[in-house]
Amino acid sequence: MPSRTGRKLAVVTGGTAGVGRATVREFAARGYDVAVLARGRAGLDGAVKDVEEAGGSALAIPTDVADHEGVRRAAEQVERELGEIDVWVNVAFAGALTFFWDTSPEEYERMTRVTYLGQVNGTRAALAHMRPRDRGVVVNVGSAMAYRSIPLQSAYCGAKHAVKGFTESVRTELIHERSKVRICMIQLPGLNTPQFNWNLSRMPKHPQPVPPVFQPELPAKGIVFLAEHPRRNLWVGLSTAYTILGERLAPAFMDFYLGRKVVQAQQTDEDLPRWGANLDEPSDATEDRGAHGAFGEQAHGRDPVLWLSRHRRALLGGLTATAAGLGAVAALTGSRGR
């Protein structure tokens, strides 16, 4: 059965802030009901309000995605209270700005459980409902750092590499059983989100995204596009494209450049608020932080890479038609010449 309102239904983990929050809003604007899985009560309430103001039904379920049993119960609650899940999006993560040797084993394990196993748990819960119906889309949110790691974020980079490998393996298993369920990935650049106010940091200056910076609405549009036009992978941001391609072409140079430049590039002299690390406790429990961070003035609201990705079929169709037309004209001209 469809959702109780007759609308499509999306689940978004980490849907209270940043990309997750922008994705909740984008789904709601596209006519979906939305279930939000996250830890912060104020953020959950704000996300529900966003969906309801757009005319949809929403369900907020306090969930730690590192708890596989909690995620499973949340999925069952969504199906019971809102209806059948059409789309499941795994966004939730926990990150840091610290050298590997300054990160405790407990901190490292926590970031890995949230960022990697959180996506494993979400995918498992989604497939438990989608595979018997033989329909549905899972979107796992990755990063340019799933292909090219950078300093100060070894736990996050390792987790995103793992998400990529996990997603590719599950995709082949679904193909093996000829399932119509689709599992997709989207790779993101540096973004203007609240994470830089609440990630774990042991650096002398305030954390910032690696420039160029993009607004979170761009990946949100890409995620909803994948939900409606599933494909194996989608890139957002010109910097994502050149980071991935640079790693393929010159990995040793990338090692040298990133080691020399990107420790400093992830810090700013600006005096910006810090809300405490959100590894163990949410930073939006009492105050809704929303989708945007403190870097809006430098953040891009448009992206040619995403535009080309979303319109590639139309562009290829147009190029094919143009080539066919030119071929026909050439053939006709040649026949007249003879």
Side-chain angles (χ1 to χ4, degrees), residues 14 17-19 39 64-67 90-121 140-166 187-213 239-240 242-244 246-248 250-283 293-295:
V19 172
R39 295 177 299 161
D64 183 343
V65 296
D67 175 9
N90 289 305
V91 184
F93 76 95
L97 202 71
T98 177
F99 289 106
F100 166 69
W101 43 82
D102 293 330
T103 312
S104 73
E106 294 78 16
E107 291 165 342
Y108 212 93
E109 180 177 348
R110 174 62 180 167
M111 286 185 280
T112 302
R113 290 184 63 83
V114 174
T115 309
Y116 172 49
L117 290 181
Q119 299 217 24
V120 173
N121 295 336
N140 286 337
V141 175
S143 167
M145 287 182 270
Y147 295 79
R148 172 64 256 184
S149 296
I150 67 174
L152 304 183
Q153 297 198 46
S154 62
Y156 178 84
C157 292
K160 290 299 186 181
H161 274 71
V163 168
K164 177 177 177 290
F166 158 74
Q187 314 300 347
L188 308 186
L191 296 161
N192 175 37
T193 71
Q195 67 160 299
F196 301 97
N197 299 100
W198 67 35
N199 60 356
L200 172 68
S201 178
R202 295 197 171 96
M203 304 310 294
K205 300 178 182 179
H206 194 283
Q208 70 170 4
V210 179
V213 183
S239 54
T240 297
Y242 66 62
T243 298
I244 294 173
E247 171 64 12
R248 292 176 181 175
F253 170 77
M254 293 290 284
D255 286 343
F256 180 82
Y257 175 81
L258 294 168
R260 290 296 182 91
K261 299 293 185 181
V262 174
V263 169
Q264 296 86 346
Q266 294 180 81
Q267 301 177 73
T268 177
D269 291 323
E270 292 186 61
D271 184 16
L272 300 172
R274 291 291 294 166
W275 302 324
N278 73 332
L279 285 186
D280 298 310
E281 298 294 333
S283 295
F295 304 95

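Val213 places none of its side-chain heavy atoms less than 4.5 Å from the side chain of Gln208. In this structure, Pro151 and Leu258 have side chains that are in contact, with non-hydrogen atoms separated by less than 4.5 Å.
For Asp271, the side-chain hydrogen bond (donor to acceptor under 3.5 Å, both in side chains) criterion is met by no residue, not counting sequence neighbours. Applying the side-chain contact (heavy atoms from CB on, under 4.5 Å) test to Ser154 and every residue at least two apart in sequence or in another chain returns Phe100, Tyr108. Considering only residues two or more places apart in sequence or on other chains, Thr240 meets the side-chain contact (heavy atoms from CB on, under 4.5 Å) condition with Ala144, Gln187, Pro189, Trp235, Ile244. Take Val210 and apply the side-chain contact (heavy atoms from CB on, under 4.5 Å) test, not counting sequence neighbours, and it matches Ile150, Val262, Gln266. Applying the side-chain contact (heavy atoms from CB on, under 4.5 Å) test to Arg110 and every residue at least two apart in sequence or in another chain returns Arg39, Asp64, Ala66, Val114, Leu279, Asp280. Contacts of Tyr257 classified as ring-ring contact (aromatic ring centres under 6.0 Å, His included), with partners at least two apart in sequence or in another chain: none. For the salt bridge (charged side-chain N to carboxylate O under 4.0 Å, His left out) test, residues two or more places apart in sequence or in another chain that qualify with Lys205 are Asp269. With sequence neighbours excluded, no residue forms a salt bridge (charged side-chain N to carboxylate O under 4.0 Å, His left out) with Arg274. When the ring-ring contact (aromatic ring centres under 6.0 Å, His included) test is applied to Phe196, no partner is found at least two apart in sequence or on another chain. Under the rule for a salt bridge (charged side-chain N to carboxylate O under 4.0 Å, His left out), the partners of Asp255 that lie at least two apart in sequence or sit in another chain are Arg148.
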Under 3.5 Å, which donor-acceptor pairs link side chains of residues 155-163 to any protein atom two or more places apart or in another chain?
from	atom 1	to	atom 2	distance (Å)
Lys160	NZ	Val141	O	2.6
His161	ND1	Met145	O	3.1
His161	ND1	Ala146	O	3.4
His161	ND1	Cys157	O	3.0
His161	NE2	Ala146	O	3.3

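Checked by atom type and distance alone, the side chain of Asn197 never pairs as donor or acceptor with a backbone atom of Trp275 at under 3.5 Å.
Taking a 6.0 Å sphere around CD of Glu281, one finds it holds 12 or fewer heavy atoms contributed by other residues, nucleotides or ligands.
Considering NZ of Lys164 and OH of Tyr147, their distance stands at 4.5 Å, rounded to 0.5 Å. Taking CG from Leu191 and CZ from Phe295, the interatomic distance works out to 12.0 Å, rounded to the nearest 0.5 Å. The distance from atom OH of Tyr242 to atom CE of Met254, rounded to the nearest 0.5 Å, is 9.0 Å. For the atom pair Asn199 CG and Asn278 CG, the distance stands at 8.0 Å (nearest 0.5 Å).
For Pro211 against Ala265, the heavy-atom pair with the smallest separation is CD-O, 3.9 Å. Here the closest heavy-atom approach between residue Gln267 and residue Pro204 is recorded as OE1-CD, 3.3 Å. Residue Ala96 comes nearest to Met111 through the heavy atom pair CB-SD, 3.4 Å, listed as atom of the first residue, atom of the second, then distance. Nearest heavy-atom pair, Ser283 versus Gly276, reported as atom, atom and distance to 0.1 Å: OG-O, 3.3 Å.
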Worked check of side chain to side chain contact (heavy atoms under 4.5 Å, CB included) between Met203 and Val263
CA-CA 9 Å; Met203 304 310 294; Val263 169; 4.2 Å; yes

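Residue pairs satisfying the side-chain hydrogen bond (donor to acceptor under 3.5 Å, both in side chains) criterion with at least one member in residues 90-103, sequence neighbours excluded, are listed as follows: Trp88-Asn90, Asn90-Thr123, Asn90-Asn140.
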